[in-house]
Amino acid sequence: MKKALKRIALVLLVVLVGLTIYFFPKLKRLNHVNTLFEAENIVENFRSFNQIWDSSDLKASDNPYTFPKGDSYTLPDTYSYYGEETETKFLLEGGNTTGLLILQDDSLVYENYFLGNSESTRNISWSVAKSFISALFGIAVAEGHIKSIDETVEQYVPELKGSAYDGVKIKDVLQMSSGVAFNEDYGDFNSDINRWGRGVAWGSSQDAFAATLTRDKEPGTYNHYVSINTHVLGMVIQ
């Protein structure tokens, strides 16, 4: 009896170790999402995304544009906001600023980095991706791959038929007037943005998540920031 119990315990231990090894990367990403905006983690989280999440490197231009240096600018000690004087240092520290560049007349007049970052530090781009997506749409229309941004999303992404994106013009998604109901509150654990993030961490389909969303307003009538609109636009481009 004791030998049988030992065998069972050993088998369970092996299964437990195997499951831990298999799920560890997902659990690590999930923990990353759940602690993403915590004050003590946010800076390191933002610059270590490519070490935790799947990522691809884009080749840098062989001829990058470099802004010329202008006359050196010194930040003021204080600034006025709605008639109230506030220390510039307080603004930078309070916002966990990791880098600040000031351009004036197309010249770089101020450049400084904080909290361990430098000019070569990689950071997650967040919504900078929207600029790339919009440029890709311009190219796709110019080259005839997309006839018009007045076409609807499901014409290019049939799997979104019956979803909140069914019948929505590409133009409305580009302009954040898709009419899709989406809670963007990062402080709400059960918000759409956080549910989506946890799903991505666990390896769930982002396409499938987009198809579950419901409509809140008539498309094209109301501007409402919806992060997953960018992913849907990526589905159209793909």
Side-chain angles (χ1 to χ4, degrees), residues 29-30 32-33 36-37 45-46 49-50 53-61 64-65 103 106 122-238:
R29 289 195 299 267
L30 190 60
H32 199 228
V33 167
L36 188 60
F37 298 104
N45 281 343
F46 279 20
F49 248 71
N50 63 318
W53 295 76
D54 294 335
S55 61
S56 299
D57 288 339
L58 295 178
K59 184 180 180 298
S61 170
Y65 178 80
L103 297 172
D106 291 329
R122 289 186 177 188
N123 275 279
I124 185 170
S125 69
W126 293 115
S127 289
V128 172
K130 291 178 172 60
S131 297
F132 287 93
I133 287 288
S134 63
L136 286 172
F137 266 95
I139 294 168
V141 171
E143 295 183 351
H145 302 296
I146 292 175
K147 293 179 183 177
S148 168
I149 58 173
D150 285 319
E151 290 183 303
T152 55
V153 169
E154 83 286 352
Q155 289 178 250
Y156 292 88
V157 192
E159 56 264 44
L160 290 180
K161 283 184 178 179
S163 75
Y165 289 96
D166 193 354
V168 179
K169 293 179 180 179
I170 295 171
K171 176 182 178 180
D172 291 332
V173 186
L174 283 165
Q175 294 183 157
M176 288 291 168
S177 59
S178 62
V180 172
F182 196 83
N183 181 352
E184 193 87 19
D185 186 352
Y186 289 86
D188 178 355
F189 184 79
N190 291 313
S191 66
D192 294 310
I193 189 66
N194 284 329
R195 289 193 304 110
W196 180 29
R198 291 193 295 272
V200 174
W202 200 250
S204 301
S205 168
Q206 297 180 62
D207 295 1
F209 183 87
T212 68
L213 298 175
T214 58
R215 182 164 296 172
D216 181 45
K217 303 198 182 285
E218 184 66 24
T221 64
Y222 183 80
N223 291 107
H224 172 55
Y225 187 90
V226 176
S227 281
I228 202 169
N229 279 349
T230 309
H231 176 75
V232 170
L233 291 168
M235 293 170 71
V236 174
I237 287 287
Q238 188 178 39

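Just so we're clear, the structure is a prediction, and the values are computed from it rather than from any experiment.
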Looking only at non-hydrogen atoms, find the nearest pair between [X] and [Y] and report the distance.
X    : Y    : result
S163 : A210 : CB-O, 4.5 Å
R215 : V168 : NH2-CG2, 3.3 Å
E159 : A211 : O-CB, 4.2 Å
S177 : N223 : CB-ND2, 3.9 Å
A164 : V180 : CB-CG2, 3.8 Å

Subject >> T221-E218 side chain donor-acceptor pair, cut-off 3.5 Å >> reply: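 Distance-only check fails for T221 and E218.
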**OP:** Tell me yes or no: between the side chains of S127 and Y225, is some donor less than 3.5 Å from an acceptor?
**Re:**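 Present: a donor and an acceptor within the cut-off.
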**OP:** Measure the CG-CG distance between N123 and N45 for me, rounded to the nearest 0.5 Å.
**Re:**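 Nearest 0.5 Å value for the CG-CG distance: 11.0 Å.
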**OP:** Nearest 0.5 Å please: distance from the NZ atom of K217 over to the NE2 atom of H224.
**Re:**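 Those atoms lie 9.0 Å apart.
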**OP:** For a side chain to side chain contact (heavy atoms under 4.5 Å, CB included) with V236, tell me which candidate from L160, V157, L174 qualifies.
**Re:**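 It is V157; the other options fail the test.
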Original post:
Under a 4.5 Å cut-off applied to non-hydrogen side-chain atoms, are V232 and V153 in contact?
Top reply: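 Contact flag for V232/V153 side chains = yes.
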**OP:** Evaluate the side-chain proximity of N50 to R122: yes if any heavy-atom separation is below 4.5 Å, no if none is.
**Re:**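 With C-beta onward as the side chain, the pair touches.
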Exercise answer: donor-acceptor pairs, residues 135-148 side-chain atoms, under 3.5 Å, sequence neighbours excluded:
residue : atom : partner : partner atom : Å
E143    : OE1  : H145    : NE2          : 3.1
S148    : OG   : D150    : N            : 3.0

Original post:
Counting N and O atoms only, with roles assigned by atom type, does the side chain of Q206 sit under 3.5 Å from a partner on the main chain of V200, one being a donor and the other an acceptor?
Top reply: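 The answer is no, because no donor-acceptor pair under 3.5 Å joins these two groups.
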Original post:
Just by modelled atom types, is the D172 backbone N or O under 3.5 Å from a matching donor or acceptor in the Q175 side chain?
Top reply: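 Pair absent, no side-chain N/O of Q175 close to backbone of D172.
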**OP:** Determine, step by step, whether I170 and Y156 satisfy the side-chain contact (heavy atoms from CB on, under 4.5 Å) criterion, reporting the C-alpha distance in whole Å, the side-chain angles of both residues, the deciding distance to 0.1 Å, and the verdict.
**Re:** CA-CA 10 Å; I170 295 171; Y156 292 88; 4.1 Å; yes
Subject >> Partners passing side-chain contact (heavy atoms from CB on, under 4.5 Å) against S61 (at least two apart in sequence or in another chain) >> reply: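 side-chain contact (heavy atoms from CB on, under 4.5 Å) list for S61, sorted by chain: N63, P64.
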Original post:
Who are the side-chain contact (heavy atoms from CB on, under 4.5 Å) partners of D188, not counting sequence neighbours?
Top reply: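 Testing D188 for side-chain contact (heavy atoms from CB on, under 4.5 Å), a comparison that skips the adjacent residues, returns N183, D185, N190, S191.
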**OP:** Could I get the full list of salt bridge (charged side-chain N to carboxylate O under 4.0 Å, His left out) partners for D106, not counting sequence neighbours?
**Re:**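 For D106 there are no salt bridge (charged side-chain N to carboxylate O under 4.0 Å, His left out) partners, ignoring immediate neighbours.
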Original post:
How would you list all residue pairs meeting ring pair (Phe, Tyr, Trp, His ring centres under 6.0 Å) that involve residues 161-188, not counting sequence neighbours?
Top reply: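 Every ring pair (Phe, Tyr, Trp, His ring centres under 6.0 Å) pair that includes a residue of residues 161-188, provided the two are not neighbours, is F37-Y186.
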Subject >> Heavy atoms of other groups near K130 NZ, more than 12 under 6.0 Å >> reply: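 For K130, atom NZ is crowded (more than 12 foreign heavy atoms under 6.0 Å).
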**OP:** Not counting sequence neighbours, list each pair that qualifies as a salt bridge (charged side-chain N to carboxylate O under 4.0 Å, His left out) and has a residue in residues 190-214.
**Re:**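 Applying salt bridge (charged side-chain N to carboxylate O under 4.0 Å, His left out) to every pair that reaches into residues 190-214, excluding sequence neighbours, yields D192-R195.
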Original post:
Between W196 and S227, is a side-chain contact (heavy atoms from CB on, under 4.5 Å) present by the stated rule, with each step listed?
Top reply: CA-CA 10 Å; W196 180 29; S227 281; 3.8 Å; yes
